[in-house]
Amino acid sequence: MKGSYFLVIFLKADKVIQTKAREFPLRAGYYVYVGSAMNSLEKRVERHFREDKRLHWHIDYLLKEARLLRAYLIPSEERLEEKLSIEVLKFGEPVEGFGAGDVRVSTNLYRFEEEPDKVLVGVLTRLGLSWKTVKSAEEIFE
């Protein structure tokens, strides 16, 4: 299946996330990461739930330090990552330069003070998209 996804992440304490080339000082709170997987949505999201993986993308470095609470799988033949990111930006605080190397937005990571699920469901509903919410790698394939 092709599509995009949201990752809902909780960072318990302020932390500097060090990637290969950059540092991102992040405040404690909830984060939403917007991604896409136009080859295999299920395998990409499953990878994000894995603890033992090679660190490749910015999100891998964050997930090493934070807790992945759940993911929203959004099946689509169209690459929606940029459109979804623009919508989430209306509600969340952007982390400039995090991810988003292949889209025209400046980030794919947004901070929220409170759990962001109502915002995410609202965005998906307004855009007329279907989704599946999962809390573990096992739920992806159910």
Side-chain angles (χ1 to χ4, degrees), residues 1-76 78-127 129-142:
M1 168 184 358
K2 296 178 179 187
S4 297
Y5 58 89
F6 293 138
L7 302 179
V8 179
I9 301 158
F10 180 68
L11 185 63
K12 186 168 68 172
D14 294 359
K15 189 95 175 161
V16 175
I17 303 300
Q18 176 69 53
T19 67
K20 288 179 200 164
R22 293 208 38 200
E23 285 186 349
F24 295 94
L26 301 181
R27 294 182 307 154
Y30 294 91
Y31 287 84
V32 172
Y33 180 79
V34 182
S36 65
M38 299 314 286
N39 287 326
S40 177
L41 179 59
E42 300 95 338
K43 284 189 188 236
R44 174 67 57 84
V45 174
E46 178 189 33
R47 181 186 187 284
H48 290 313
F49 276 104
R50 266 192 266 137
E51 289 186 19
D52 185 30
K53 62 185 164 223
R54 186 173 77 82
L55 303 179
H56 178 66
W57 294 293
H58 286 166
I59 189 63
D60 295 337
Y61 293 88
L62 174 56
L63 291 175
K64 197 173 91 175
E65 305 293 337
R67 197 166 122 234
L68 176 54
L69 300 176
R70 66 194 137 274
Y72 288 71
L73 284 71
I74 309 156
S76 175
E78 180 188 350
R79 189 180 175 105
L80 298 170
E81 179 180 347
E82 193 171 313
K83 183 185 286 187
L84 291 168
S85 205
I86 289 167
E87 290 301 313
V88 174
L89 171 61
K90 295 174 183 175
F91 304 95
E93 175 187 329
V95 178
E96 294 301 321
F98 195 99
D102 55 350
V103 289
R104 292 181 308 221
V105 292
S106 64
T107 186
N108 275 344
L109 185 67
Y110 303 90
R111 183 182 178 281
F112 289 79
E113 199 64 40
E114 306 288 326
E115 290 219 19
D117 294 280
K118 286 181 183 172
V119 167
L120 300 179
V121 168
V123 164
L124 294 168
T125 301
R126 260 192 322 284
L127 294 174
L129 299 169
S130 61
W131 70 91
K132 174 182 179 179
T133 308
V134 298
K135 294 182 180 177
S136 69
E138 295 76 32
E139 288 182 19
I140 295 168
F141 299 99
E142 289 177 354

query = So, for Leu124 and Leu84, which heavy atoms are closest and what is the spacing to 0.1 Å?
reply = CD2-CD2, 4.1 Å
query = Would you say the side-chain atoms of Asn108 pair up with the backbone N or O of Val34, donor to acceptor, closer than 3.5 Å?
reply = yes
query = Is Arg54 salt-bridged to Asp60, cutoff N-O under 4.0 Å?
reply = no
inquiry  = Looking at Glu46 and Glu42, would you say the former's side chain and the latter's main chain have a donor-acceptor pair under 3.5 Å?
reply    = no
query = Under 3.5 Å, is there a donor-acceptor pair linking the side chains of Glu96 and Thr107?
reply = no
query = Is it true that the side chains of Ser85 and Tyr110 contain a donor and an acceptor less than 3.5 Å apart?
reply = yes
request  = Return the set of residues passing side-chain hydrogen bond (donor to acceptor under 3.5 Å, both in side chains) with Arg70 (not counting sequence neighbours), or none when no residue passes.
outcome  = Glu115, Asp117
note = Residues at least two apart in sequence or cross-chain that pass salt bridge (Lys or Arg N to Asp or Glu O under 4.0 Å) with Arg22, listed by chain then number, are none
request  = Begin from the C-alpha positions of Val88 and Phe112 and carry the test side chain to side chain contact (heavy atoms under 4.5 Å, CB included) through to its verdict.
outcome  = CA-CA 10 Å; Val88 174; Phe112 289 79; 3.9 Å; yes
query = Can Tyr33 and His48 be counted as having a side-chain donor-acceptor contact under 3.5 angstrom?
reply = no
ask   = For Lys90, which residues count as a side-chain hydrogen bond (donor to acceptor under 3.5 Å, both in side chains) partner, sequence neighbours excluded?
value = Glu87
request  = Indicate the atoms forming the closest heavy-atom contact of Arg44 with Ala37, along with that distance.
outcome  = CB-CB, 3.6 Å
ask   = What are the two closest heavy atoms between Ser4 and Ser36, and how far apart are they?
value = OG-CB, 3.7 Å
key: For Lys53, side-chain hydrogen bond (donor to acceptor under 3.5 Å, both in side chains) partners two or more places apart   = none
task = Name all residues meeting the side-chain hydrogen bond (donor to acceptor under 3.5 Å, both in side chains) criterion together with Glu78; count only those two or more places apart in sequence or in a different chain, and write none if there are none.
result = none
note = d(Tyr30 OH, Leu11 CG) to nearest 0.5 Å is 11.5 Å
ask   = What orientation do Tyr72 and Phe6 show, parallel under 30°, tilted 30 to 60°, or perpendicular over 60°?
value = perpendicular
message = Before you tell me yes or no, could you show the steps for Phe24 and Gln18 under side chain to side chain contact (heavy atoms under 4.5 Å, CB included), namely the whole-Å CA-CA distance, both residues' side-chain angles and the distance that decides it to 0.1 Å?
response = CA-CA 6 Å; Phe24 295 94; Gln18 176 69 53; over 6 Å; no
query = Could you walk me through whether Leu63 and Phe49 pass the side chain to side chain contact (heavy atoms under 4.5 Å, CB included) check?
reply = CA-CA 9 Å; Leu63 291 175; Phe49 276 104; over 6 Å; no
request  = For the pair Lys132 (side chain) and Ile140 (backbone), establish whether a donor and an acceptor sit closer than 3.5 Å, ignoring hydrogens and angles.
outcome  = yes
message = If the condition is salt bridge (Lys or Arg N to Asp or Glu O under 4.0 Å), which residues does Lys2 pass it with, not counting sequence neighbours?
response = Glu77
